[in-house]
There are 2 protein chains.
Amino acid sequence: MSSEKTQSEPPSKSGVARLGRGTFTLFTLTSLPARLKFPKKRQRKGLVERGAIAYIEGLAKLVRYYILLATSKAGSGHPTSSLSAADLITTLMFGGFFLYDPARPALANNDRFILSKGHASPLLYALWTVAGRITEEELLRYRTFGSPLEGHPTPHFKYVDAATGSLGQGLSVGVGMALNAKYLDRLPYRTYVLLGDSEMAEGSNWEAMEIAAYYKLDNLIGIIDVNRLGQRGETMYGWDVEVYERRAAAFGWQPIVIDGHDYDQIFAAFKQALDAKEKPVIIVARTIKGKGVPAVENKNGWHGKVLKKEDVDEAIKGFGPLDKSVRGQIAQPQDLEPPRRTRADVPQPAYAAGEAVATRKAYGNALKRIYPAFPEIVGLDGEVSNSTYAEIFAEAFPDRYFEMFIAEQNMVGTALGLSTRGKMPFVSTFAAFLTRAFDQIRMCRYSNASIKFTGSHAGVSIGEDGPSQMGLEDIAMFRNVLDCVILYPADAYATERCVELAAAHRGIVYIRTNRGATPIVYDPSEAFEIGGLKVLKQSSSDRVCVIGAGMTLLEGLAAYDALKKEGITIRVIDLYCVKPIDAGRLAEALSGVGAVVTVEDHHPEGGLGEAVRSALADVAPATLSVHSLAVRKIPRSGRPAELLDYEEISRDAIAKKVKELL
Amino acid sequence: MSSEKTQSEPPSKSGVARLGRGTFTLFTLTSLPARLKFPKKRQRKGLVERGAIAYIEGLAKLVRYYILLATSKAGSGHPTSSLSAADLITTLMFGGFFLYDPARPALANNDRFILSKGHASPLLYALWTVAGRITEEELLRYRTFGSPLEGHPTPHFKYVDAATGSLGQGLSVGVGMALNAKYLDRLPYRTYVLLGDSEMAEGSNWEAMEIAAYYKLDNLIGIIDVNRLGQRGETMYGWDVEVYERRAAAFGWQPIVIDGHDYDQIFAAFKQALDAKEKPVIIVARTIKGKGVPAVENKNGWHGKVLKKEDVDEAIKGFGPLDKSVRGQIAQPQDLEPPRRTRADVPQPAYAAGEAVATRKAYGNALKRIYPAFPEIVGLDGEVSNSTYAEIFAEAFPDRYFEMFIAEQNMVGTALGLSTRGKMPFVSTFAAFLTRAFDQIRMCRYSNASIKFTGSHAGVSIGEDGPSQMGLEDIAMFRNVLDCVILYPADAYATERCVELAAAHRGIVYIRTNRGATPIVYDPSEAFEIGGLKVLKQSSSDRVCVIGAGMTLLEGLAAYDALKKEGITIRVIDLYCVKPIDAGRLAEALSGVGAVVTVEDHHPEGGLGEAVRSALADVAPATLSVHSLAVRKIPRSGRPAELLDYEEISRDAIAKKVKELL
């Protein structure tokens, strides 16, 4: 990655900028306004000095220059969306507000900046170029294969915490970072999120707004770049900034409306934001799309388009002489780290013999039990913690649990924010409702996050509540996430172990749990592993193997009992790890059988059956046939057993299928 | 379905109710207040008369009685959430406001009612029982297998248009219905949506709010049942109804705050709502969860729980004598239908020979071209119509297009609402961003909707914009939707035909399109069909078959050319219909080959490769091996060809794989 090539320290030099028609020294570092002197403690007072403004103004011209340079060279990108926010973010970054040690991106007390309007990535890269952290040569590789400066920001670029580009997600990530600062790490860092006006149409932003206000995140500052124009025309509200102001106020935020190109107002707004008490702040900035390039300013039809060479040349000419050796200075944060948490040993799980336990309940038990060993854990739930049993954890460790209410998209975005700050979120709701956040889950992966999702109420076996509440898509959804681990335990002990596996694994893990209480299958000492499976029944006479997981494993075992009474033995495998599957091990476990019946309380597409087929594709003998029982009809309300029968995934359906294959 | 057994006409009888301690005649039908005389024209004036209130009050007791009866018998369900809204909706339904002909649910001018808080289904069923449309016997089968009275409402019950139960979706459905009334059918019907206070946390509701205000839907009335308590405790705002009032006002709605158990206020609110001008109305009603059952009123811990028998008995005793023979009367709407639209013949598609056309552009062309033949079509797009090329349709038929801005969840919910009113929505955005609405798409299926989705910018072949913009999950997502048809055309003609197929098919169809311009593959006269495939290259010496679709078909054809130069022939199949696959036909097309290579610009899980494996499971010879090339690494920014190579789904990667298999 070219970021390795960037200088580890910005050059220390006087703040020189050439502005307008002439060149003049604004100030040397020793004469910088107090705010710019990289204060040990955050500066909260002082008037905006002309010198500071002129300094920022000069840097903003350089930022614009680099935006134009990078996009022109790349032949693609979003220059006009970058230009509108250039004055705002140049001021934030180099005006003494943003406290960040570029030499230590991992410093816990660094302020955070999230470019929610990720298509404005040229602005981000231009800023870091001006900060001396990207060379011009590196900048010119923007959008080329292998460059960390991707079309939309990703963590390939070391100053990016979370990938953005799917709009309406950055504020939720910011909520996670701000929650962490205020309630977990208890550090004074602030989180800034740059939002586009178009993306304010995304409901997820209003979820983030309500939750941020609920948790009184006065360390979270949103900036809406109201440049009036979306991708294909005017936004819903154009330049009616009062709409955003009213809505933000109604959602419990403190709005500050400014002209996003007036430095006095920008400085004043950021200063005011630092004084926030109990409320998050949103700066609603009226801006001009394409600002700085007269030919396209405030003109429709220039979203995501490279500008004409003559228009760029004219704009750069208008900037006047530019001193490309000048470097923007970023103020240093206090060198603070959160208190270290010690890891403690935890007890083993224990359930009474013969006890029937819902795996969702075992999930809650496990999370509570293992927390001392994994003190990074944070619980999040979407207002169903008494169904998912996240409440067991929440009641035991209320400081480590955040109620996220019925707003799943923000819940997942918040988890991503927490993950970037070293926490390990366990996110739970009904499996069905995780579909609400598929886009956010996808972006978690592109952010290299380590998040554990738990979906309860899997499948038709929930019974009477009907299809809206039944997770029948969750395995397909999470399988589709690259490298995601999927665990579907069949009993309480397996669940306890799967939660341990999830916590010990860095990356995205999905745990599927069932609603109904079910018998214990495993010994307390049984070991589980990622990529593992269990052969629970086998004999040399087996000709058919039933592969199930969770509820369908129990049905498979019941089918085994029933068939045995008829003198038929079958192999039964618990594929509790649906992804990844150790193909060789699975093939070995199937040795001797001629047919496999996969059974899943899930739609057939993308589920356990297709996972088995794909795993076996290269390793199984050609003569092995794989048959899938799955949910193929729209479920109804009814008793669990009725529905398992209706969908032909019950013990009877399994036994029938086995007999067909003999 | 038991609804067949319901009476076709409610018994005509005098409005008798026994209230309090005694029995008395309130009024006969002839002495009903004017509002209750089932007016031919909607009544908008008149004071609330005591008689009307007493009448409604009596019906509400009966409604509460049936709520308790149904849930107690079922042993599950949500009585307390139903009771809180009983006064509100009994007044709406029987107070002369709701205009609906129960004998003709399909009447275009019927008012619509959506129970967004779908768990309150006992309220819905109790209301229709009081209306004489469900017998007590039918009601007592609530939540039993086969009953149309499911745990959460579905269209199995004939007075339900759209399935609800996944919260935060009903208002969007209402937006679709109200858009239809105001702009398409131009009928005076109104749409009412009952919302829970907990579900107002869902961002999708605020998307619906903003879009409804933008389109000035003064025929849309939301009712928030602010009963303070969610599933596991208090909502974010409890009884602070002003929060909802302020937010609704800031989102451009007219809020009316009332006590949801005060009939004077309820009547006044519904009357005021009928006078709305240019703004949608939201009634914010402070209510008591469990209202009518003293033992649980306003108590936490009673969400989704059956009440104790003694508490129910006490409550029913408190109702006083009930006359179960009384029937609530629903006012009749005007007998209006929208003007019939005539179907016209349309021209055939035509592209210049040798022209390179992006399939996304052909999509726009096709939609415009076929509209006269399918005048039910309505276009919806999420602020990217100049990328998806929905703009071609929008510019040609602006009256049939609605800009949905960057709010995909509401866009899909709105499409569902339109679909219930006989329209055929074509919904487009980037394939990646359809993941945002997976939950809504799922609910569209449970609503038996006929909606056509188009996802553009599929796969890594979009190039520089990077993974956030690349649809790599869309095939898996739509395959998982029961009966969904998936079409992935490879050139402009195929796209034109696929759009025709989508329009002619009743149900959910997904069309996947590519960003880049690609060559024409097919003749203008080539025929396509659902379940079809095309064998584009074949010879008797083929040992390997490459199956692709869309972009990867083109790569497969290029691999064919390259391999042919080396004296190797392969079979090439265009699997343009990814679902359903005609397994027999596919197996036949593969006759003679020993290995299949599927190639997809999509993650392997749930995609084309697994679709082929599943299709072939039962029909292909055991010796046929299936190998999958797919996107297995997180994509980068880069040129399309570079990324196809990086992910090993390019022509070179295909040729290499083929050689490995020979």
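Naming: A, B, ... by sequence-line order, numbering from 1 per chain. Bear in mind the structure is a predicted one, so any value in this text is a computation, not a measurement.
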Proximal component of [X], with respect to chain B [non-hydrogen, under 4.5 Å]:
| X | value |
| --- | --- |
| A/Thr235 | backbone |
| A/Glu245 | neither |
| A/Ala163 | neither |
| A/His303 | neither |
| A/Val626 | backbone |
| A/Leu472 | both |
| A/Tyr237 | side chain |
| A/Asp618 | side chain |
| A/Met470 | backbone |
| A/Met200 | backbone |
| A/Lys579 | side chain |
| A/His78 | side chain |
| A/Ser121 | neither |
| A/Arg442 | side chain |

**Request:** Answer with yes or no whether the side chains of B/Ser76 and A/Glu464 bring together a donor and an acceptor at under 3.5 Å.
**Result:**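 Note: A/Glu464 and B/Ser76 side chains miss the donor-acceptor criterion.
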**Item:** Side-chain donor-acceptor contact under 3.5 Å, A/Arg436 with B/Ser204
**Value:**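 Short answer, yes.
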Counting N and O atoms only, with roles assigned by atom type, does the side chain of [X] sit under 3.5 Å from a partner on the main chain of [Y], one being a donor and the other an acceptor?
| X | Y | answer |
| --- | --- | --- |
| B/Glu383 | A/Gln231 | yes |
| A/His152 | B/Ser468 | no |
| B/His603 | A/Asn480 | yes |
| B/Gln469 | A/Gly165 | yes |
| A/Glu150 | B/Ser637 | yes |
| A/Glu473 | B/Val481 | no |

Closest approach of [X] to [Y] (non-hydrogen atoms, all atoms of both residues):
| X | Y | answer |
| --- | --- | --- |
| B/Ser198 | A/Ile406 | CB-CD1, 3.6 Å |
| A/Glu202 | B/Glu207 | OE1-OE2, 3.4 Å |
| A/Phe405 | B/Glu234 | CE2-O, 3.8 Å |

**Request:** Determine whether more than 12 heavy atoms belonging to other residues, nucleotides or ligands lie under 6.0 Å from atom CZ of B/Arg632.
**Result:**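 Buried by this count: over 12 neighbours within 6.0 Å.
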**Message:** Between B/Glu605 and A/Glu610, does the side-chain contact (heavy atoms from CB on, under 4.5 Å) criterion hold? Intermediate values first, please.
**Reply:** CA-CA 8 Å; B/Glu605 297 89 353; A/Glu610 295 198 341; over 6 Å; no
Quick check for you: to the nearest 0.5 Å, what is the distance between [X] atom [atom1] and [Y] atom [atom2]?
| X | Y | atom1 | atom2 | answer |
| --- | --- | --- | --- | --- |
| A/Arg613 | B/Arg613 | CZ | CZ | 10.0 Å |
| A/Ile441 | B/Thr435 | CD1 | OG1 | 9.5 Å |
| B/Asp645 | A/Phe145 | CG | CZ | 9.0 Å |
| A/Leu167 | B/Phe433 | CG | CZ | 6.5 Å |
| A/Leu434 | B/Asp439 | CG | CG | 9.5 Å |
| B/Met236 | A/Met404 | CE | CE | 9.0 Å |

**Message:** Tell me whether A/Arg232 is salt-bridged to B/Glu391, with the criterion being a basic N under 4.0 Å from an acidic carboxylate O.
**Reply:**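 Looking at B/Glu391 together with A/Arg232, the answer is no, because their closest N to O distance does not fall below 4.0 Å.
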**Item:** Pi-cation contact, B/Phe251 with A/Arg247 (under 6.0 Å, within 45°)
**Value:**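 Here A/Arg247 passes the 6.0 Å and 45° test against B/Phe251.
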